[in-house]
Amino acid sequence: MKVFYSEAHRKHEPPFEVFDGGLRVPYLENSDRMDRILHALSGTDWADILEPTDFGLDPIHSVHDKEYVDFLATSWTEWLATDSQDKSTLLPSTFALRRHPHKPTSLLGRAGYYMMDLSACIVEGTYQASLASANCALSAAQAVADREHSAFALCRPPGHHAGKDYAGGYCFINNAAVAANSLAVKDRVALLDIDYHCGNGTQDIFYERDDVLTISIHADPNFEYPHFAGYEDERGTGKGLGFHQNFPLLTRTDDAAYLSTLDHALELIHEFKPTYLVLSAGMDIYADDPLGKIKVTTDGIIEIGKRISALDLPTVIVMEGGYNNDVLGKNITGFLGAFR
Ligand code: SP5
Ligand code: ZN
């Protein structure tokens, strides 16, 4: 299997994030995640690790607002020029509620406008890492368009919380959405998101479209991040109505309960008759994930891979979350193993 991976993520290493109630904790979405996965992949005889192609900004601008991408590109340099006391990472001081007409020009004003929470921390390497990550997803999409049955984009930072004009949840550019959008120019695409958290960015990006079916299985947002998207009655709007589906899960969800929900999602994908499948593959559904609260085992993750691959669709697999670094390699190789 072709695995697209870039070392550019290493300079995106924010010193901390801010948890519920204001606790500063070491950044969970760290480089070690990639090292664990690379190590596990190197122990297989089927992973072919490749540098991504640089697709430039056009495919990114066709998903994300240009001014938002410009903010990602320039905010670090602007941040260093401020008189802020702690410049270790850029985070906002207020959050735009999109109820007011003004778009500020100051750096902190734009940070609040373009950032959704306190976990998408910008540091020096964030923009370069995010571009390389998107190029991994685009390269995997191109490989599948060129007749690979499946390809894996080992993306870091992840992408599914990033919307057209906002960063959030460790995500800056929506890698899976950029990949799906590149394939949707010619073909029907289904995007299935199995990360533990609702893929709110993906949901927003495709909400008004009928050419990309988006389905997300995730922890019920009523109790879990991102809280404001991912409810069952959010089904798309305009001509996109009926082309989005959320499957919120209870905390007690085990392998059997997860798999029965997955089967419903897979039926919808089958009925849509897509040419391609893009998978947002988060491993934070694992029972011992530090952010996840559901009970899916490694065997469960392997079975999820088998059932998705039984759709027999050309599949672009995009790395999203997963924070139990000790088992991340095993879970990813088990999952990908089902697609070979
Ligand atoms: C890509 C991805 O998986 N992003 C997830 C971002 C979630 N960040 C906010 C987590 C809320 C923290 N709650 C902490 C409870 C720890 N016991
Ligand atoms: Zn997640």
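No experiment lies behind these values; they were computed from the predicted model shown. This chain uses plain numbering: 1 for the first residue, then up along the sequence. Just follow the structure's listing: the first ligand is 1, and inside any ligand the first atom is 1.
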Legend entry - Residue of the set Tyr323, Phe19, Tyr170, Phe16 for which ring pair (Phe, Tyr, Trp, His ring centres under 6.0 Å) holds with Tyr27: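 By the ring pair (Phe, Tyr, Trp, His ring centres under 6.0 Å) criterion, Tyr27 pairs with just one of Tyr323, Phe19, Tyr170, Phe16: Tyr170.
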Inset, instruction - For residues Thr333 and Leu41, determine if any side-chain heavy atom of one lies less than 4.5 Å from a side-chain heavy atom of the other. - result: yes
Legend entry - The one among Tyr170, Tyr323, Phe19 that brings a heavy atom closest to atom 3 (O) of ligand 1: Tyr323
Inset, instruction - Tell me which one of Cys198, Gly292, Pro290, Gly282 gets a heavy atom nearest to atom 17 (N) of ligand 1. - result: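 It is Pro290 that holds the nearest heavy atom.
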Subset of ligand 1 atoms that lie under 4.0 Å from at least one heavy atom of [X]:
X	answer
Asp284	3 (O)
Gly321	3 (O)
His160	1 (C)

Legend entry - Considering only N, O or S atoms of His197, the one closest to the Zn ion (ligand 2):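 Of all N, O or S atoms in His197, the Zn ion (ligand 2) lies closest to ND1.
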Legend entry - Atom name of the N, O or S atom in Asp195 that lies nearest to the Zn ion (ligand 2): OD1
Indicate yes or no for a side-chain donor-acceptor contact from [X] to the backbone of [Y] under 3.5 Å, with no hydrogens or angles considered.
X	Y	answer
Tyr207	Arg235	yes
His160	Thr202	no
Asn175	Ala134	yes
Arg188	Phe272	yes
Asp65	Glu67	yes
Ser139	Thr53	yes

Give yes or no for whether the N/O distance cutoff of 3.5 Å, strictly under, is met between [X] and ligand 1.
X	answer
Gly169	yes
His197	yes
Glu17	no

Inset, instruction - Specify whether an N/O/S atom of His160 falls short of 2.8 Å from the Zn ion (ligand 2). - result: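 Checking His160: none of its N, O or S atoms is under 2.8 Å.
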Inset, instruction - Report yes or no: does Asp284 have an N/O/S atom closer than 2.8 Å to the Zn ion (ligand 2)? - result: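 Yes.
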Protein heavy-atom partner closest to [atom] - residue, atom, separation in Å:
atom	result
atom 10 (C) of ligand 1	Leu291 CD2, 4.0 Å
atom 8 (N) of ligand 1	Ser119 OG, 3.9 Å
atom 9 (C) of ligand 1	Tyr225 CD1, 3.6 Å
atom 15 (C) of ligand 1	Asp20 OD2, 3.6 Å

Legend entry - Short side-chain donor-acceptor distance under 3.5 Å, Tyr114 and Asp70: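 There is no such pair (donor and acceptor under 3.5 Å, judged by atom type) between the side chains of Asp70 and Tyr114.
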Inset, instruction - Verify the distance criterion only: is there a donor paired with an acceptor across the side chains of Asp86 and Ser88 at less than 3.5 Å? - result: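 Indeed, the side chains of Asp86 and Ser88 share at least one donor-acceptor pair under 3.5 Å.
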Inset, instruction - Indicate, as side chain, backbone, both or neither, the part of Asp195 found under 4.0 angstrom from ligand 1 when only non-hydrogen atoms are considered. - result: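 The side chain, only.
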Inset, instruction - Answer side chain, backbone, both or neither: which part of His161 comes under 4.0 Å from ligand 1, heavy atoms only. - result: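 Looking at His161 and ligand 1, just side chain atoms fall under 4.0 Å.
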Inset, instruction - For a side-chain hydrogen bond (donor to acceptor under 3.5 Å, both in side chains) with Arg36, tell me which candidate from Asn331, Asn324, Asp326, Asn325 qualifies. - result: Asp326
